[in-house]
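Scroll down for the structure; my scribbles are underneath it.
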There are 2 protein chains.
Amino acid sequence: MPSLHRAPTKGSLETKERIFDAAEALFMDQGFSTTSLRAITAKAKVNLAAVNYHFGSKEALIREVFDRSLGPLNGARMAQLDRLEAAAGGNPVAIDKIVEALVSPALHVSHDPLKRGAAFLRLLGRALSEPAEYMRAFLPAHYRDVVVRFRRALSLALPNLSEAELTWRMHFTFGAMAYSMAGTDAVELFTTPDDAGVDDAEAIVQRLIPFLVAGLKSPTPKSRATRSVEPSARKVA
Amino acid sequence: MPSLHRAPTKGSLETKERIFDAAEALFMDQGFSTTSLRAITAKAKVNLAAVNYHFGSKEALIREVFDRSLGPLNGARMAQLDRLEAAAGGNPVAIDKIVEALVSPALHVSHDPLKRGAAFLRLLGRALSEPAEYMRAFLPAHYRDVVVRFRRALSLALPNLSEAELTWRMHFTFGAMAYSMAGTDAVELFTTPDDAGVDDAEAIVQRLIPFLVAGLKSPTPKSRATRSVEPSARKVA
DNA sequence: TGACGTTTGAAATGTTTGTTTGGAACCCAG
DNA sequence: CTGGGTTCCAAACAAACATTTCAAACGTCA
């Protein structure tokens, strides 16, 4: 038996890293099902078999691409929310601060070349509308804690909002956020082709936060209270 | 030469229709690249070759699925905006009415079984984040007029909003809208599993409109006015 | 240096993709 | 009944796909 878990010798980490970066870039602007291992290995300039050797399968590669960035990202989100709640000391946190804690860590997701941050954001946005089943399997696992935490904070900050209403508004919030990160391809075509650079993530966030805060704080539609008899939790599924 | 364009004899329209419905349903919750012709023909219970016979290719099938619903949908949107502008007589139209004209026709998109309407909405939402190139080719063609019209109306209704700011807010608006229509799969997992039925498109719209209106009307971030020198309408495109 | 574990390379595996084919079944006009 | 146009079907097609295989190359330790 060899010395277990020994530090790789030659270009092994280098190869795995190149695969990683190439995969992230291609997934970003092509999607997951569409991107072939051949395209990835060609871009990374490594052998085709290298992916299955280093990662085991294409699905495992996708999972690792996410784990590497989604963990720190959501960790930063919750840490920032922690600080806000600690500073507030039991009182509700300001909504704009909550939204900022949700949106802005997306910028400083890692201390890497900074390009990786923006790249991963579009990758994540794309994943949220990806049909693949393995996406539905482990992506919610990453997000559940974040959603629970932010839902609680928002529920405190917006006390006159029913639980159902809050669910919808968080739904819209995540939608606008995900789309803003992923949808540059589709939208820049039918808005105006020559606006402020879409790559400038900071600009997106600075405009997105007020938009979302206003939407979250908006008065409930018609104050219809409970609009009929409250459907009383249908099939729990 | 046969009698051109004769009414089909047996189950031809019936077959084409079944392919159409099956394709729409599968595209909706699987995406385009991911859905195979074999899956479509299996669901439609027709022969594999039927797709290429009736539509010519998979891409043509996708295009027809869109043309059939996107045309009437955007037509209804613009017609509704027409009525609003005629009633306003030169004055700006109320923002909530504009947003309603954009969002609500999605409900009454056709006089079909009504289920088709909701189905197509999710299909459209998914298309907006689809990587395929043929999507970028003909989808903007359908949307360009709508965007231009609504941008003009919103620009009048929100006079103290710079063009760049308006672009971003429309961006976010389309994002929340598209995601709300497509993202039921991803979101219902990490919000709460047992909320009001996501299939109830009317409920979505009634909650989405106030959210978007509030976002669109929100004060500009720092009132940085025209942040540099006003880019003065570059290439009109 | 020599042996062993790790990594890479080129080729082949079997599966799945969209598309094409040739003939049978069908309908209707002549 | 007969021919021609249309529709359908089972099968086959080539291309692209993820994955596996096996030998060669490499680095490290004895």
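Each chain gets a letter, A, B and so on, in the order the sequences are listed, and its residues count up from 1.
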A:N52 has a side chain; which of C:dT17, D:dT20, D:dC8 sits nearest to it? D:dT20

Does A:K45 or A:R38 map to a spot on DNA chain C nearer the 5' end, using the closest nucleotide for each? A:K45

What is the distance, to the nearest angstrom, from the CD1 atom on B:I40 to the P atom on C:dT19? 11 Å

Applying a 4.0 Å non-hydrogen cut-off, can you work out what A:T35 is touching in the nucleic acid: base, sugar-phosphate, or nothing? sugar-phosphate

Of the nucleotides C:dT8, D:dA11, D:dT19, which has the atom closest to the B:L48 side chain? D:dA11

Side chain of A:S36: nearest nucleotide among D:dC17, C:dG18, C:dT8? D:dC17

Using the six-membered ring wherever Trp is involved, compare the ring planes of A:F211 and B:F211 and label them parallel, tilted or perpendicular (cut-offs 30° and 60°). perpendicular

Classify the nucleic acid contact of A:A49 as base, sugar-phosphate or nothing, counting any heavy atom under 4.0 Å across all strands shown. base

Might you point out which heavy atoms bring A:A44 and A:R18 nearest each other, and give the distance in Å? O-NE, 2.8 Å

Centroid-centroid distance, B:F66 to B:F32, less than 6.0 Å: yes

Distance, rounded to the nearest Å, where B:E59 contributes CD and C:dT17 contributes P: 18 Å

Please report the distance, rounded to the nearest Å, between NE2 in A:H54 and P in C:dT6. 13 Å

B:E100/B:R83 ion pair, N-O < 4.0 Å: no

Measure CD/A:E14 against P/D:dG27 and give the value in whole Å, please. 12 Å

Nearest-angstrom distance from the residue atom CD1 of A:I19 to C1' of D:dA18: 14 Å

Checking C:dG18, D:dA10, D:dC17 against the side chain of B:N47 (C-beta onward), the nearest is D:dA10

salt_bridge(A:R63, A:E59) N-O dist < 4.0 Å: yes

Spacing between B:L26 atom CG and C:dT17 atom P, to the nearest angstrom: 12 Å

Closest to the side chain of A:T15, out of C:dT8, C:dA10, D:dT19, is C:dT8

From the list C:dT17, C:dT6, C:dA10, which nucleotide is the closest neighbour of the side chain of A:Y53? C:dT6

